[in-house]
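In this text, all values refer to a predicted model and were calculated from it rather than measured experimentally.
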Amino acid sequence: VQLQASGGGLVQAGGSLRLSCAPSGFRFDGYAMGWFRQAPGKEREGVSCIRFSDSKTYYANSVKGRFTISSDIARNTVYLQMNSLKPEDTAVYYCVAAEACDSELGGPQTGYGMDYWGKGTLVTVSS
């Protein structure tokens, strides 16, 4: 299983980016996928997750109202639309496939059962 994330880059505060994640060797139907991020010197945090059984979405409080997670089943791809970006959103973003979403923290639920991680993509938001 490989998860290929793309779409990171440099953007000014207030701008937008869209991240994509396309797993290979894995169909995400029946599972959950989402994003974690880790900023320099900070702990990893869950950002968002989508549960494919019912398309329910979850978000960390820090991104609610600004980020939107979505999926394209036909393309087997998950997207994270990030709007109104802030310098504090600067981080490496990781795409993760898991068995469930963490309804409290907003990201994929890891450490319980299956979870797969992709290589990160860097998002830099300048002030």
Side-chain angles (χ1 to χ4, degrees):
V1 175
Q2 289 187 333
L3 301 173
Q4 182 63 50
S6 60
L10 173 64
V11 65
Q12 288 188 331
S16 299
L17 283 174
R18 188 177 78 159
L19 304 183
S20 301
C21 180
S24 59
F26 176 77
R27 289 288 306 185
F28 52 61
D29 310 47
Y31 294 93
M33 281 187 65
W35 303 84
F36 276 85
R37 69 184 181 185
Q38 187 163 23
K42 293 188 177 180
E43 291 189 357
R44 185 182 69 195
E45 65 169 336
V47 176
S48 183
C49 185
I50 183 167
R51 187 171 68 191
F52 297 111
S53 60
D54 56 5
S55 298
K56 188 170 177 62
T57 58
Y58 301 86
Y59 299 93
N61 289 334
S62 58
V63 306
K64 279 181 182 176
R66 300 188 298 121
F67 290 11
T68 303
I69 191 169
S70 62
S71 64
D72 184 332
I73 300 295
R75 295 178 184 270
N76 204 39
T77 300
V78 173
Y79 303 98
L80 185 68
Q81 179 67 43
M82 305 185 295
N83 298 329
S84 302
L85 282 161
K86 305 175 181 180
E88 51 263 44
D89 293 318
T90 295
V92 177
Y93 285 70
Y94 298 91
C95 175
V96 178
E99 295 189 6
C101 297
D102 187 323
S103 59
E104 290 190 10
L105 298 179
Q109 189 176 66
T110 61
Y112 301 90
M114 174 277 291
D115 57 82
Y116 297 104
W117 290 72
K119 293 182 180 179
T121 184
L122 177 62
V123 172
T124 304
V125 184
S126 63
S127 57

To the nearest 0.5 Å, what is the distance between OG1 on Thr121 and OH on Tyr93? 10.5 Å

Identify, with sequence neighbours excluded, every residue that meets ring-ring contact (aromatic ring centres under 6.0 Å, His included) alongside Phe36. Trp117

Can you tell if the side chain of Val78 reaches within under 4.5 Å of the side chain of Ile69, non-hydrogen atoms only? yes

Leu17 and Leu85: CA distance, side-chain angles, deciding distance, side chain to side chain contact (heavy atoms under 4.5 Å, CB included) verdict: CA-CA 8 Å; Leu17 283 174; Leu85 282 161; 4.2 Å; yes

For a 4.5 angstrom cut-off between non-hydrogen side-chain atoms, does Lys56 reach Cys49? no

Quick one: closest heavy-atom pair of Ser20 and Trp35, and the distance? O-CH2, 3.5 Å

Determine whether Leu19 and Val123 satisfy the following criterion, side chain to side chain contact (heavy atoms under 4.5 Å, CB included), listing intermediate values before the conclusion. CA-CA 9 Å; Leu19 304 183; Val123 172; 4.1 Å; yes

Met82, Leu122: one ILVMFWY side-chain cluster at the under-4.5 Å cut-off? no

Please, which pairs that meet salt bridge (Lys or Arg N to Asp or Glu O under 4.0 Å) have at least one residue in residues 40-51, sequence neighbours excluded? Arg37-Glu45, Arg51-Asp54

Taken in chain and number order and not counting sequence neighbours, the residues that satisfy side chain to side chain contact (heavy atoms under 4.5 Å, CB included) with Ser16 are Gln81, Asn83

If you look only at distance, which donor and acceptor atoms sit under 3.5 Å apart when one is on a side chain in residues 3-13 and the other is two or more places apart or in another chain?
none

Under the side chain to side chain contact (heavy atoms under 4.5 Å, CB included) test, residues paired with Lys86 that sit two or more places apart: Arg66, Glu88, Asp89

Roughly how far, to the nearest 0.5 Å, is CZ of Phe67 from OH of Tyr59? 10.5 Å

Measure the shortest side-chain to side-chain distance between Tyr116 and Pro23 over non-hydrogen atoms and say whether it is less than 4.5 angstrom. no

With rounding to the nearest 0.5 angstrom, report the OH to NZ distance, Tyr58 to Lys64. 11.0 Å

Enumerate donor-acceptor pairs with a distance under 3.5 Å from any side-chain N or O in residues 94-109 to protein atoms, sequence neighbours excluded.
residue: Glu99; atom: OE2; partner: Met114; partner atom: N; Å: 3.0
residue: Asp102; atom: OD1; partner: Glu104; partner atom: N; Å: 3.0
residue: Asp102; atom: OD1; partner: Leu105; partner atom: N; Å: 3.0

For atom CD of Gln38, is the number of surrounding heavy atoms from other residues, nucleotides or ligands below 6.0 Å larger than 12? yes

Under the 3.5 angstrom rule, does the side chain of Asn76 hit a backbone N or O of Asp72 as a donor-acceptor pair? no

Do any N or O atoms from the side chain of Thr90 and from the backbone of Pro87 form a donor-acceptor pair under 3.5 angstrom? yes

Worked check of side chain to side chain contact (heavy atoms under 4.5 Å, CB included) between Thr68 and Tyr79: CA-CA 8 Å; Thr68 303; Tyr79 303 98; over 6 Å; no

